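As structure tokens, the structure follows; a few thoughts come after it.
Please read these numbers as outputs of a predicted model, since none were measured by experiment. Only this structure's heavy atoms are used, side chains among them; waters, hydrogens and symmetry mates stay out.
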Amino acid sequence: TTVIVQAGESKWESQADEEGTFTITVPLQKAGTEISVTATDQAGNISEVTKVTVADVTAPEKPEVDQITDKSAAVAGKAEAGSTVTVRVGEAKWEGQADKDGKFSIEILVQKAGTEISITATDQAGNISEVTKVTVTDVTAPAKPVVNQVTDKMDTVSGKAEVNSKVTVYKGKVELG
């Protein structure tokens, strides 16, 4: 029995073995491509066509994500067109769609600097990309320092400022320390 595989204008053929098993090597086909398969016996009788659609088993590329700051109310970037983009921070989750050009923008709650955000893309076949991890960037200036009283008998300036911030003391435009 001769087995013929056809995809578009391309055809490949082979013989089924004595158990009816066949294997035909074809070039990789794009997901969604319809392949037609027929068998022809030695008398020339042709079977009905069996149609198979090439399954999508390839995960999308991991999303490209724009910078996320401690003032950002959305996560934006690029992913596979039409994919569902999922943004996770701890247990919180937001989803949106990448448009026909792959662009997405998903509203989220503003996050603190240093927070790690995980982003994935899931294609229409359910394949999930690798995770893109982004750390929220600090772009917010610290609150102005609270300074304790300074007298003409003191050689130090003290007070309170944002944790781990650098405090600089000036006299006019001259840096004192």
Side-chain angles (χ1 to χ4, degrees), residues 1-140:
T1 300
T2 301
V3 179
I4 298 175
V5 173
Q6 183 170 348
E9 299 298 315
S10 300
K11 284 185 182 181
W12 304 271
E13 67 179 68
S14 183
Q15 296 295 314
D17 66 17
E18 59 279 350
E19 294 176 9
T21 303
F22 67 92
T23 300
I24 301 175
T25 302
V26 300
L28 289 178
Q29 300 294 307
K30 184 176 178 183
T33 300
E34 186 176 83
I35 295 176
S36 300
V37 182
T38 57
T40 305
D41 65 17
Q42 291 176 344
N45 300 307
I46 301 172
S47 71
E48 289 185 32
V49 175
T50 298
K51 293 187 178 190
V52 178
T53 302
V54 176
D56 180 354
V57 296
T58 303
E61 294 291 320
K62 67 183 192 174
E64 295 174 19
V65 181
D66 299 343
Q67 180 184 39
I68 304 170
T69 72
D70 58 353
K71 293 185 178 192
S72 299
V75 173
K78 194 163 184 171
E80 182 176 300
S83 65
T84 299
V85 179
T86 303
V87 177
R88 285 187 167 84
V89 178
E91 296 298 315
K93 177 174 106 171
W94 298 269
E95 289 186 339
Q97 294 294 126
D99 67 16
K100 64 180 175 55
D101 298 320
K103 295 178 183 174
F104 66 87
S105 181
I106 301 168
E107 290 185 15
I108 64 167
L109 298 175
V110 174
Q111 301 294 314
K112 291 170 72 172
T115 300
E116 185 175 85
I117 298 179
S118 299
I119 304 97
T120 57
T122 304
D123 66 17
Q124 294 176 348
N127 302 306
I128 302 172
S129 71
E130 290 183 29
V131 176
T132 298
K133 293 187 179 198
V134 178
T135 301
V136 176
T137 305
D138 183 354
V139 295
T140 303

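- At most 12 non-hydrogen atoms from other residues, nucleotides or ligands lie less than 6.0 angstrom from CD of Glu107.
- Of the inter-residue distances, the one linking Trp94 atom CH2 with Thr86 atom OG1 reads 12.0 Å to the nearest 0.5 angstrom.
- Closest heavy-atom contact between Ala113 and Thr137: CB-C, 4.3 Å.
- Interatomic distance, CD of Glu80 versus CZ of Phe104, reported as 12.5 Å (0.5 Å rounding).
- Using a 4.5 Å heavy-atom cutoff, the side chains of Ile117 and Val65 are not in contact.
- In this structure a side-chain-to-backbone donor-acceptor pair under 3.5 Å is present from Asp70 to Val139.
- The minimum heavy-atom distance between Thr2 and Gln15, with the atom names listed, is OG1-NE2, 2.8 Å.
- Side chains of Lys71 and Thr140 form a contact here, defined as non-hydrogen atoms less than 4.5 Å apart.
- Within a 6.0 Å radius of CD in Glu95, more than 12 heavy atoms belonging to other residues, nucleotides or ligands are found.
- Between Thr38 and Glu48, the closest heavy-atom pair is CG2-O, 4.3 Å.
- Ala7 meets the side chain to side chain contact (heavy atoms under 4.5 Å, CB included) test with Trp12, Gln29, Thr33, Ile35; sequence neighbours excluded.
- Scanning both residues, Ala79 and Pro63, for their nearest heavy atoms gives CB-CB, 4.3 Å.
- Separating the NZ atom in Lys112 from the CG atom in Asp138 is a distance of 11.0 Å, to the nearest 0.5 Å.
- Within the 4.5 Å cutoff, side-chain heavy atoms of Asn127 are placed close to those of Pro60.
- For Ala81, there are no side chain to side chain contact (heavy atoms under 4.5 Å, CB included) partners at least two apart in sequence or on another chain.
- For Glu61, the CD atom sits in a loose shell: 12 or fewer heavy atoms of surrounding residues, nucleotides or ligands are nearer than 6.0 Å.
- For Asp101 (side chain) and Lys103 (main-chain N/O), no donor-acceptor pair under 3.5 Å exists by modelled atom type.
- The line from OG1 of Thr58 to CG of Asp123 is 8.5 Å long, rounded to the nearest 0.5 Å.
- Closest of all the heavy-atom pairs between Ile24 and Ser14 is CG1-CB, 3.5 Å.
- Atom NZ of Lys62 sits about 11.0 Å away from atom OG of Ser118, to the nearest 0.5 Å.
- Rounding to the nearest 0.5 Å gives a distance of 6.0 Å between CD of Gln6 and OG of Ser36.
- Judged purely by distance below 3.5 Å, without hydrogens or angles, the side chains of Gln97 and Ser83 never pair a donor atom with an acceptor atom.
- Without hydrogens or angle criteria, Gln111 side chain to Leu109 main chain gives a donor-acceptor distance under 3.5 Å.
- Residues Ala39 and Thr1 come closest through the heavy atom pair CB-CG2, 3.7 Å.
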